Amino acid sequence: MHQMLEHFLNRALDVMSSGSPPNPLLHEIALALQAELPDCIVGINVLDKPGRTFRHSIFPSLPDEFARSLEGNVINGKRGSCGLGVLTGKLVNVPDVANDERFSDEWKEIFAQYGLASLISIPALTLDGEAHGSVAVIHPKAAPLQLEQIEFLRPFAVLCAKICAYSRTRETTQFLMGELEHRIRNLYFTVGGLANLTIKRYPNPSDFRRVFGERLTMMHRAHSLAFSERATGLFQLINEILAPYSKENEISISGPKIILSPDSACAFALAINELGTNASKYGSLSKVGGVLEIRWSILPKGELDTDSVFRLCWMESEGPAVQEPSRQGYGTLMIGGTLRNAFDGSAVLTFDPAGLICDISAPFSPKLGIEGSSD
């Protein structure tokens with residue numbers, strides 16, 4: 001047993017040090033354990049990162065459909081022994097699946113479909129007691145596992161816990177790398193579009209350098225807000241971006257507390273900065289005593305809506321008379337595109353002579369944020 005355990009421990013170190021996928025190794029371990037337990041079927045389950053479902057189920061001697069039926073189900077301790085073992089951190093013995101009142105009819109039907117009668121489930125726990133998966137041994141009803149066989153399995157359950165923990169961390173890393181690639185790609189597109197739109201409006205090299213630099217600085221500020229370690233609240237974000245204009249102007253910001261998602265924080269930062277910049281050049285923030293009111297609300301969903309509706313209104317007054325531009329400029333294009341890409345938002349600009357009005361609306365979904373306090 002010790003030689004076998006050492007062999008797989010070294011194999012696990014090789015897999016982890018090379019960053020290789022762990023499932024083939026878990027497959028090998030299941031087959032090796034099965035060879036030591038006559039007439040038994042061994043399987044290994046790996047939790048997903050939140051620990052709510054089995055992300056992978058590996059039963060080499062059963063059809064793939066059996067393993068797939070165990071994956072993705074929320075673990076509540078009422079469906080099967082593997083989930084119950086994970087929740088309690090204790091071995092679960094099921095001598096007679098068909099008549100065990102602890103578990104669901106669905107779970108019993110799955111076992112009956114494949115002619116399976118009895119099993120034990122050993123949670124795969126690391127030394128700190130955290131469950132990362134489970135080891136299941138399905139055995140004949142007339143041949144329950146003996147104590148020495150269970151003791152033989154326990155160190156392998158610990159080894160599997162370490163491999164499962166690696167699997168969960170590896171999948172998280174892969175997800176984060178994919179997300180990073182997505183964000184970098186979007187950043188390149190945004191900077192390219194920013195340069196193209198700016199040079200059309202400011203063809204003079206010195207003007208282009210100045211305006212493009214300001215907008216890049218704004219993008220950096222937006223990303224800093226979006227990716228700060230603290231959650232970003234909508235009020236906090238707007239208040240910080242418009243702070244430079246608050247001394248000479250009357251700025252009112254109000255609405256329910258909303259914690260923004262990273263994408264929506266970035267989008268709002270870009271949009272609010274653009275609106276503020278334009279207001280400081282041509283609108284109510286361009287003269288002392290100008291007034292800007294920003295308010296938002298969350299409207300209950302209607303019969304045909306899947307989400308509640310977020311509405312934000314930007315209203316300028318007490319500034320120069322507003323004239324509608326002859327063409328759609330950078331601000332309109334950027335605001336609309338950014339909000340749409342981030343959280344399916346839309347923006348409507350109204351060039352009222354008394355002051356610019358910008359109405360932003362979107363489904364109030366997790367893509368935008370959640371209600372709560374940012375403190």
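Worth saying up front: this structure is predicted, and the values here are computed from it rather than measured.
- Across every non-hydrogen atom of Cys164 and Ile44, the tightest pair is SG-CG2, 4.4 Å.
- No donor-acceptor pair closer than 3.5 Å links the side chain of Ser284 to the backbone N or O of Gly319.
- Residues Ile58 and Met16 are members of one and the same hydrophobic cluster, defined by side-chain heavy-atom contacts under 4.5 angstrom among Ile, Leu, Val, Met, Phe, Trp and Tyr.
- Between the CG atom of Asp100 and the CG atom of Asp96 there is a distance of 7.5 Å, given to the nearest 0.5 Å.
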Mind running side-chain contact (heavy atoms from CB on, under 4.5 Å) on His7 and Arg11 for me, showing each step along the way?
-> CA-CA 6 Å; His7 166 74; Arg11 289 277 291 110; 3.9 Å; yes
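- For Lys162, the NZ atom sits in a loose shell: 12 or fewer heavy atoms of surrounding residues, nucleotides or ligands are nearer than 6.0 Å.
- Scanning both residues, Leu237 and Ala265, for their nearest heavy atoms gives CD1-O, 3.3 Å.
- Proximity of a side-chain donor or acceptor of Glu293 to a complementary backbone N or O of Met315 within less than 3.5 Å is not detected.
- If you take CD1 on Ile258 and CD1 on Ile370, they are separated by 10.5 Å, rounding to the nearest 0.5 Å.
- A donor-acceptor pair under 3.5 Å links the side-chain atoms of Thr173 to the main chain of Thr169, judged by distance alone.
- Between the Arg168 side chain and the Asp48 main chain, a donor and an acceptor come within less than 3.5 Å of each other.
- Taking the six-membered ring for Trp and the full ring otherwise, Phe351 and Tyr282 have centroids separated by 6.0 Å or more.
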Are Ile251 and Leu285 close enough, and set up right, to give a side-chain contact (heavy atoms from CB on, under 4.5 Å), and what steps lead you there?
-> CA-CA 9 Å; Ile251 300 177; Leu285 303 184; 4.3 Å; yes
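- Checking Asn204 against Ser206 by side-chain atom types alone, a donor-acceptor pair falls below 3.5 Å.
- You'll find the side chain of Leu368 stays beyond 4.5 Å of the side chain of Ile298, heavy atoms only.
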For Asp352 and Thr350, what are the C-alpha separation, side-chain angles and deciding distance, and is it a side chain to side chain donor-acceptor pair (under 3.5 Å)?
-> CA-CA 6 Å; Asp352 190 297; Thr350 302; over 6 Å; no
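- Counted within 6.0 Å of CD on Glu250, heavy atoms from surrounding residues, nucleotides or ligands total 12 or fewer; the atom is thus considered open.
- At a threshold of 4.0 Å, the pair Arg68-Glu65 does not count as salt-bridged, since none of the basic side-chain nitrogens sits closer than that to a carboxylate oxygen.
- In this structure, Ser264 contributes its side chain and Leu260 its backbone to no donor-acceptor pair below 3.5 Å.
- A donor atom on one side chain and an acceptor atom on the other are found under 3.5 Å apart for Ser361 and Ser346.
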For Phe66 and Phe111, what are the C-alpha separation, side-chain angles and deciding distance, and is it a ring pair (Phe, Tyr, Trp, His ring centres under 6.0 Å)?
-> CA-CA 9 Å; Phe66 177 83; Phe111 269 68; 5.7 Å; yes
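- Cluster membership for Phe310 and Phe235, using ILVMFWY side-chain heavy atoms within less than 4.5 angstrom, is shared.
- Cluster annotation: Val158 and Met4 are assigned to distinct hydrophobic clusters (Ile/Leu/Val/Met/Phe/Trp/Tyr, side-chain heavy-atom contacts under 4.5 Å, transitive).
- In this structure, CG in Leu25 is found 10.0 Å from OH in Tyr166, a value given to the nearest 0.5 Å.
- Contact of the Gln149 side chain with the Leu37 side chain is registered, since non-hydrogen atoms from C-beta on lie closer than 4.5 Å.
- Contact check for Leu47 versus Ile75: side-chain heavy atoms found under the 4.5 Å cut-off.
- In terms of heavy-atom proximity, Cys313 sits nearest to Asp359 at SG-OD1, 3.3 Å.
- In this structure, CG on Leu116 lies 4.5 Å from CD1 on Ile138, to the nearest 0.5 angstrom.
- Using a 3.5 Å distance cut-off with no hydrogens or angles, the side chains of His56 and Glu171 do pair a donor with an acceptor.
- Although no hydrogens or angles enter the test, the distance criterion places a donor-acceptor pair under 3.5 Å between the side chain of Ser261 and the main chain of Lys367.
- Aromatic ring pairs are classed by plane angle as parallel below 30°, tilted from 30° to 60° and perpendicular above 60°; the pair Phe343 and Phe268 is parallel.
- Residues Leu275 and Glu316 form no side-chain contact, since every pair of their non-hydrogen atoms from C-beta on lies 4.5 Å or further apart.
- Under a 3.5 Å cut-off, the side chain of Gln146 and the backbone N or O of Pro144 do form a donor-acceptor pair.
- Smallest separation of non-hydrogen atoms from Ala157 and Val135: CA-CG2, 4.0 Å.
- Across all non-hydrogen atoms, the minimal contact from Pro22 to Val15 is CA-CG1, 4.2 Å.
- Residues Cys40 and Gln34 come closest through the heavy atom pair O-CG, 3.1 Å.
- Side-chain atoms of Arg154 and Leu91, non-hydrogen and from C-beta on, do get closer than 4.5 Å to each other.
- Counting heavy atoms from C-beta on, the side chains of Pro203 and Phe208 never come closer than 4.5 Å.
- Few gaps surround CG on Asn10; more than 12 heavy atoms of other groups in view lie less than 6.0 Å from it.
- To the nearest 0.5 Å, the span separating CG on Leu33 from SG on Cys160 amounts to 6.5 Å.
- Both Ile110 and Val97 sit in one connected hydrophobic cluster of ILVMFWY residues. Membership requires side-chain heavy atoms under 4.5 Å apart, directly or through other members.
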Evaluation steps, side-chain contact (heavy atoms from CB on, under 4.5 Å), between Phe8 and Leu26 | CA-CA 10 Å; Phe8 281 113; Leu26 293 173; over 6 Å; no
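- Here the CD1 atom belonging to Ile360 is positioned 7.0 Å from the CD1 atom belonging to Ile335, to the nearest 0.5 angstrom.
- Ring planes of Phe156 and Phe152: tilted class, angle from 30 to 60°.
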Quick one: do Tyr114 and Ile41 satisfy side-chain contact (heavy atoms from CB on, under 4.5 Å)? Show the steps, please.
-> CA-CA 12 Å; Tyr114 294 95; Ile41 296 171; over 6 Å; no
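- Crowding of Gln323 atom CD: a count of heavy atoms from other residues, nucleotides or ligands under 6.0 Å not exceeding 12.
- Cluster annotation: Leu5 and Leu31 are assigned to distinct hydrophobic clusters (Ile/Leu/Val/Met/Phe/Trp/Tyr, side-chain heavy-atom contacts under 4.5 Å, transitive).
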